[in-house]
Amino acid sequence: FSDSPQLKGLRLAIGRIGDIERRLSKISSPNVSPRDLLSLCDSLAAGLEASSFCAQKIWSDHDLSQARFVLETILSRVQEEAPVNLKNGNVIKPGVSSELDQCMMLSNNSQDLLLQLEAREKELTGISSLKVRFNNIFGYYIEITNTNKDKVPIARYERKQTLAGSERYMTKELAEIETKVLGAQAKRLELEAALFEDVRQSIMRVSPVLLKLARDWAEIDVLASLAKLSLEQDYKRPKFIEWNKSLSLTIKASRHPVIEQNLKIPFKANDIDLGLSDCLLLTGPNMAGKSTLMRQVAITSLLAQMGSFVPCESAELPIFDQIFTRIGANDFLSEGLSTFMVEMKEAAEILTNATPQSLVILDEIGRGTSTYD
């Protein structure tokens with residue numbers, strides 16, 4: 001991660017991954033939208049790109065191959081501009097199923113068939129205003145205005161509906177086209193639903209692998225963010241030391257990682273040297289920086305143990321088993337606990353649970369304290 005351009009490329013890729021767990025949760029439902037599969041596809045593509053930037057891999061080649069399999073399956077089968085609702089059709093790409101391709105061809109060419117029929121009927125009847133139309137109630141029909149009713153070939157035309165200004169008819173040829181077109185559309189939706197379900201099931205079979213990769217990519221996201229922060233803020237690598245009698249926590253030029261970024265002036269760094277079982281007692285007036293110093297020691301210890309560089313010139317510290325804090329003033333009057341009693345209760349819990357290898361931060365305890373106290 002010391003290579004800044006590589007780190008930038010990694011972070012850009014990770015930023016496009018999105019919430020894979022949430023998308024897999026949606027895909028596990030039979031009512032999943034085709035666009036949920038496309039969103040998962042985008043996430044996997046970004047995750048695989050991010051993986052290419054990592055020299056040390058925390059995943060197996062098998063896991064990545066499973067992710068590529070899902071990615072290629074979605075890309076090869078699902079339309080890039082698939083609708084939100086599966087029932088609208090136009091979800092599966094041409095070439096996936098020959099039977100579906102035939103239905104798609106008939107369904108997509110239905111308008112041409114109807115236009116050809118309309119042109120032939122106009123020529124045969126001599127009615128230039130003749131129209132072949134469709135509605136959801138009556139299906140396909142030929143509409144002729146009342147002024148041209150005398151030209152209608154009754155032998156071939158069967159009256160279907162009478163309107164105020166026109167008549168609607170059906171012919172044997174139009175009925176055959178209607179059966180083919182509507183049958184093809186229904187069959188197309190049925191086939192698309194079945195093929196889409198196959199894709200969904202293939203994803204669900206490898207979902208445990210995808211969830212593991214999502215966690216791995218999330219871990220890389222955290223590490224990349226810490227790496228970027230360390231480069232920008234000049235953090236240093238901490239050194240861990242073993243617990244022994246000569247142990248001491250030593251931090252040189254320690255800074256508070258949050259406060260220093262909000263200050264318009266340079267942060268005044270501090271040196272801390274705390275021996276085994278030592279207690280560092282800080283006194284001074286209000287707003288002198290006592291809380292800042294205490295908390296930055298705890299934050300530095302926490303950052304170091306989670307694998308981050310730390311805001312200082314150098315740091316040598318042990319690995320703490322626990323970090324205890326007693327900060328702020330709160331009461332629980334509904335439980336009969338005043339502010340003082342809450343502080344005593346918290347202090348008692350720390351004394352009960354802390355070990356010789358724990359770090360304890362007490363930011364004031366008791367009421368009416370002063371420098372003399």
Side-chain angles (χ1 to χ4, degrees), residues 18-48 65-118 120 132-142 160 170-211:
D19 193 339
I20 292 179
E21 290 92 340
R22 183 169 179 268
R23 285 162 184 167
L24 285 174
S25 176
K26 285 186 174 183
I27 293 172
S28 66
S29 169
N31 298 321
V32 59
S33 165
R35 293 189 182 177
D36 291 325
L37 267 65
L38 295 174
S39 296
L40 176 64
C41 181
D42 294 338
S43 294
L44 294 179
L48 290 169
S65 67
Q66 291 294 311
R68 291 190 190 95
F69 165 75
V70 173
L71 175 64
E72 292 167 1
T73 299
I74 297 174
L75 288 175
S76 63
R77 298 193 178 189
V78 181
Q79 295 273 17
E80 289 84 355
E81 301 297 329
V84 176
N85 195 331
L86 178 61
K87 295 179 181 179
N88 293 333
N90 197 32
V91 173
I92 304 298
K93 286 184 174 181
V96 176
S97 165
S98 58
E99 187 178 5
L100 177 60
D101 290 345
Q102 291 177 357
C103 293
M104 291 171 64
M105 181 180 65
L106 184 56
S107 179
N108 294 334
N109 294 337
S110 61
Q111 189 62 30
D112 293 337
L113 293 174
L114 294 171
L115 289 174
Q116 292 171 12
L117 174 64
E118 182 180 286
R120 287 197 302 271
V132 177
R133 291 179 174 171
F134 172 85
N135 66 37
N136 292 327
I137 299 174
F138 294 101
Y140 290 99
Y141 56 85
I142 297 174
K160 195 169 186 178
M170 173 61 73
T171 67
K172 183 179 180 180
E173 184 180 4
L174 182 57
E176 291 175 354
I177 293 176
E178 180 180 46
T179 301
K180 290 180 180 179
V181 171
L182 296 182
Q185 290 176 345
K187 185 65 175 176
R188 173 182 178 175
L189 293 176
E190 180 183 338
L191 289 171
E192 287 204 73
L195 292 168
F196 182 81
E197 179 62 16
D198 287 343
V199 176
R200 189 181 77 86
Q201 289 296 335
S202 67
I203 295 172
M204 295 311 301
R205 283 193 289 271
V206 297
S207 61
V209 173
L210 300 182
L211 288 171

Inset, instruction - Go through the steps for Leu114 and Phe134 under the test side chain to side chain contact (heavy atoms under 4.5 Å, CB included), then give the verdict. - result: CA-CA 10 Å; Leu114 294 171; Phe134 172 85; over 6 Å; no
Inset, instruction - Tell me, with the steps shown, if Leu210 and Gln66 meet side chain to side chain contact (heavy atoms under 4.5 Å, CB included). - result: CA-CA 8 Å; Leu210 300 182; Gln66 291 294 311; 5.5 Å; no
Inset, instruction - Give the C-alpha distance, both sets of side-chain angles, the deciding distance and a yes or no for side chain to side chain contact (heavy atoms under 4.5 Å, CB included) between Asp36 and Arg23. - result: CA-CA 6 Å; Asp36 291 325; Arg23 285 162 184 167; 5.8 Å; no
Inset, instruction - Given side chain to side chain contact (heavy atoms under 4.5 Å, CB included), test Lys160 with Met170 step by step and report yes or no. - result: CA-CA 6 Å; Lys160 195 169 186 178; Met170 173 61 73; 3.3 Å; yes
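In this structure, Leu75 and Lys93 approach most closely via the heavy-atom pair O-NZ, 2.6 Å. Heavy atoms only, all atoms of each residue included: Leu71 and Cys41 are closest at CD1-SG, 3.1 Å. Between Gln79 and Ile92 the shortest heavy-atom distance is NE2-O, 3.5 Å. Here the shortest heavy-atom pairing between Pro34 and Asn85 reads CD-C, 4.3 Å. Listed here is the closest heavy atom pair of Ser43 and Ile20: CB-CG1, 3.8 Å.
In this structure, Arg68 does not pair ionically with Glu72, as no charged nitrogen and carboxylate oxygen lie closer than 4.0 Å.
Other residues, nucleotides and ligands contribute only 12 or fewer heavy atoms inside 6.0 Å of the CD atom of Glu81. In this structure, Arg22 places its CZ atom where only 12 or fewer heavy-atom neighbours from other residues, nucleotides or ligands lie under 6.0 Å away.
Taken to the nearest 0.5 Å, the CG atom of Asp198 stands 10.5 Å off from the OG atom of Ser97. Between the NZ atom in Lys26 and the CG atom in Asp19 there is a gap of 9.5 Å [rounded to 0.5 Å]. Distance check, rounded to the nearest 0.5 Å: CD1 of Ile74 to CD of Glu80 gives 12.0 Å. In this structure, CG in Leu40 is found 4.5 Å from CG in Leu44, a value given to the nearest 0.5 Å. If you take CD1 on Ile27 and OG on Ser39, they are separated by 8.5 Å, rounding to the nearest 0.5 Å.
The side chain to side chain contact (heavy atoms under 4.5 Å, CB included) with Leu86 is formed by just one residue from the set Asn31, Leu189, Val91; it is Val91.
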